[in-house]
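First listed ligand is number 1; within each ligand, the first listed atom is number 1. Side-chain atoms are counted along with the backbone in the values below, which use heavy atoms only and exclude waters and symmetry mates.
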Amino acid sequence: MGNIAPTLDTAITNGHVVTETAINEVDVGILNGKIMSIASPGTLTADATTVIDAAGSLVLPGFIDSHVHVNLELGEYTTTDSMVDLTRAAAHGGISTVLPFAIPNQGERPLDALARRRDEAAGDAYVDYSFHGCLTEATESNLDQIPELIERGAASIKAFMVYEDRLMLNDGDLRAVMGRTADAGGTMLIHAEDNAIIDHLVEKHRKQGDTTYTAHGDTHPPVSEAAAMWTVSELVSESGCPTLLVHASTKGTKAIVAKGEREDLPLAVETCPHYLTLTSDVYDRDDGERFICSPPVRSSEHRDALREMVASSLIDIVNSDHCGYTTAQKRDNRDDITQMPNGLPGVETTAPLLFSDGVVDGSLSIHQFVRLMSTNVAKLFGLYPSKGTLTVGSDADIVLFDSDAEWTIDARSLHMATDYSPFDGRTVTGRVETVLVRGETVLDGELVGNPSVGEYRSRDSETAQKQYRTL
Ligand code: URP
Ligand code: ZN
Ligand code: ZN
């Protein structure tokens with residue numbers, strides 16, 4: 001009797017498979033990059049070419065980071081990570097899909113920025129990727145490109161209310177972009193801070209000769225975020241444009257979420273690990289410039305309020321806002337808040353930080369963790385259920401996670417293109433062990449994949465719009 005040919009490429013056995021709603025002791029069978037079967041323990045191994053023993057691990061849907069910056073040029077600085085660097089670090093953090101921004105260079109067409117980003121990324125990604133479109137100038141020509149950006153799979157458009165002279169849209173321009181995006185069936189992501197409030201305070205500090213990094217928090221007060229978020233909520237109400245408020249940093253977010261619920265607005269909120277785990281004391285440190293980001297890290301009152309909002313599902317997703325600079329770049333202009341580069345590296349550390357400070361400390365269920373890191377992100381950006389869950393037919397984007405491993409974050413053993421982590425020295429529980437991207441193992445204790453594994457994902461705006469209300 002001849003051997004029966006395997007019908008699965010891979011079977012993952014002996015693990016606890018966790019989705020946004022369930023946890024089961026089952027085997028997962030993978031064929032051609034997709035989940036082909038989910039079955040009782042031990043029943044799939046004989047059919048598989050490769051068997052992965054997940055004993056003692058959680059088997060989770062691959063995480064998705066929809067807020068990462070690659071080659072961001074702002075002022076005199078450019079972020080340090082190439083697409084290869086970013087996706088290598090992402091894989092180590094269990095992130096199987098990233099969504100960077102196609103930010104136009106000065107004068108560049110948004111469609112050309114998207115094409116350029118796609119060219120740069122092709123063959124240079126360890127994990128899957130897609131791009132957000134971005135408008136930094138609301139000219140008629142740029143506004144006319146919104147439908148095509150969306151058709152080409154950049155179904156979400158990013159806008160900044162700050163970074164004057166480079167990225168910022170004023171309220172009138174933002175309103176125009178949101179209106180066109182809504183009409184074209186897209187969604188938006190908005191950096192909401194009130195530039196006029198910030199400008200006024202920066203000017204005041206400049207006159208006082210006090211522009212060192214310690215002034216950063218003072219020049220970006222909580223009200224600057226609340227005021228801008230309120231404006232956005234009114235523009236969402238008028239346009240109906242599904243919108244994600246990125247990197248929420250203040251307790252004031254709660255009032256905006258309540259307004260969104262009251263008025264049934266398609267408004268979602270993201271926060272980041274630095275707002276959940278750090279406090280503004282970091283700006284009193286000698287190396288405080290390494291923590292400069294916008295909005296800034298806040299007092300414990302804001303941190304605790306954000307943690308509560310995450311625990312009660314008022315905040316929908318947790319992303320890194322990865323934006324890597326080196327210590328030298330951060331130090332360069334530490335005495336000039338108008339010049340210093342804003343942003344923190346973090347794509348690799350989001351999952352262990354949120355697991356540790358959420359699931360391990362008892363404030364989040366494991367299903368909430370999955371929703372915040374994967375399911376809700378997939379839903380907001382038109383990737384669900386192909387990504388964001390583990391079900392028959394989904395992409396086999398899978399993380400094996402050791403929920404007991406205790407380790408201390410140390411930039412020297414991380415993989416981002418920088419020499420520090422804002423979380424250096426923090427001991428966390430939970431570690432990514434193995435990562436599969438569409439069935440291909442890219443991480444198995446160490447990097448085993450290559451940068452041709454990651455594929456571009458065109459995203460469908462209709463799916464995203466519908467799923468906005470199913471979070
Ligand atoms: O400080 C930050 N967050 N830098 C990255 C760009 C942005 O605003 O998201
Ligand atoms: Zn931002
Ligand atoms: Zn950002």
Side-chain angles (χ1 to χ4, degrees), residues 64-81 86 90 95 98-104 117 131-136 156-169 174 188-195 198 202 213 215-217 219-220 224-225 228-229 232 243-250 253 268-276 278 280 282-283 288-298 306 317-326 329-330 333-334 337-347 350 377 380-381 416-418 420-422:
I64 305 169
D65 195 332
S66 59
H67 192 158
V68 289
H69 296 276
V70 183
N71 292 330
L72 173 66
E73 287 173 34
L74 204 48
E76 60 187 275
Y77 300 96
T78 302
T79 55
T80 50
D81 299 88
L86 175 88
I95 300 202
V98 290
L99 283 84
F101 304 96
I103 297 178
R117 282 287 188 230
F131 292 101
H132 306 289
C134 180
L135 261 73
T136 56
S156 42
I157 307 292
K158 175 74 183 280
F160 295 87
M161 297 171 81
V162 287
Y163 307 127
E164 206 169 354
D165 300 327
R166 175 65 187 93
L167 306 178
M168 186 183 106
L169 296 182
L174 181 63
M188 298 254 347
L189 312 87
I190 300 180
H191 176 143
E193 284 188 285
D194 186 301
N195 194 61
I198 295 167
V202 168
Y213 67 86
H216 182 67
T219 57
H220 293 245
S224 65
E225 180 175 280
M229 283 186 171
V232 171
T243 297
L244 175 72
L245 291 163
V246 299
H247 51 44
S249 69
T250 62
T253 309
V269 181
E270 168 206 85
T271 192
C272 312
H274 36 287
Y275 303 118
L276 296 171
L278 303 176
S280 44
V282 293
Y283 300 123
E289 71 276 6
R290 299 205 298 180
F291 298 86
I292 293 296
C293 55
S294 287
V297 168
R298 309 283 184 185
L306 288 169
I317 62 176
V318 176
N319 277 326
S320 66
D321 189 8
H322 177 88
C323 188
Y325 298 102
T326 61
Q329 287 176 311
K330 288 292 216 185
N333 268 312
R334 73 201 294 259
I337 44 174
T338 65
Q339 300 300 317
M340 61 178 71
N342 281 225
L344 305 180
V347 71
T350 305
V377 195
L380 288 177
F381 293 108
M416 300 175 286
T418 181
Y420 82 101
S421 160

Below 4.0 angstrom from a heavy atom of Tyr163, which ligand 1 atoms are there? Numbered from 1 as shown, please. 1 (O), 2 (C), 4 (N), 6 (C), 7 (C), 8 (O)
Write out the residue and atom name of the closest protein heavy atom to atom 4 (N) of ligand 1, then the distance separating them to 0.1 Å. Asn342 O, 3.1 Å
Just need the protein heavy atom nearest to atom 1 (O) of ligand 1, so name the residue and atom and give the distance. Ser294 N, 2.7 Å
What residue and heavy atom of the protein are closest to atom 6 (C) of ligand 1, and at what distance? His69 NE2, 3.4 Å
min-distance N/O/S atom, His191 vs the Zn ion (ligand 2), resolves to ND1
How far is atom 3 (N) of ligand 1 from its nearest protein heavy atom, and which residue and atom is that? Asp321 OD2, 2.7 Å
Please name the residue in the list His247, Lys158, His67 that meets the side-chain hydrogen bond (donor to acceptor under 3.5 Å, both in side chains) test with His191. His247
N/O of Gly343 under 3.5 Å from N/O of ligand 1, yes or no? yes
Starting at OG1 of Thr243, measure out to CD1 of Ile190 and round the result to the nearest 0.5 Å. 4.5 Å
Just by distance, no angles: are the side chains of Tyr77 and Asn333 close enough, under 3.5 Å, to form a donor-acceptor pair? yes
Geometry at the Zn ion (ligand 3) - Asp321 OD1 versus His69 NE2 angle, rounded to 10 degrees: 100°
Closer than 4.0 Å to some heavy atom of Cys323 - which atoms of ligand 1 meet that? 4 (N), 5 (C)
Can you find a heavy atom in the side chain of Val347 that is under 4.5 Å from one in the side chain of Met416? yes
Scan side-chain atoms only and decide if Ser280 and Arg298 contain a donor-acceptor pair under the 3.5 Å cut-off. no
Answer side chain, backbone, both or neither: which part of Cys293 comes under 4.0 Å from ligand 1, heavy atoms only. both
Quick one, Thr79 and Val70 - any side-chain contact, counting heavy atoms below 4.5 Å? no
Any idea which atoms of ligand 1 are less than 4.0 Å away from a heavy-atom of His247? 8 (O), 9 (O)
Short check: any N/O/S atom of His67 below 2.8 Å from the Zn ion (ligand 3)? yes
Candidate pair Phe381 and His132, rule ring-ring contact (aromatic ring centres under 6.0 Å, His included), full reasoning: CA-CA 9 Å; Phe381 293 108; His132 306 289; 5.0 Å; yes
Can you confirm whether the side chains of Thr250 and Glu225 place a donor and an acceptor under 3.5 Å from each other? yes
Distance-only N or O hit between ligand 1 and Lys158, under 3.5 Å: no
Taking N, O or S atoms only and a limit of 2.8 Å, check whether Cys323 reaches the Zn ion (ligand 3). no
Indicate whether the side chain of Asp81 and that of His322 have a donor and an acceptor atom separated by less than 3.5 Å. yes
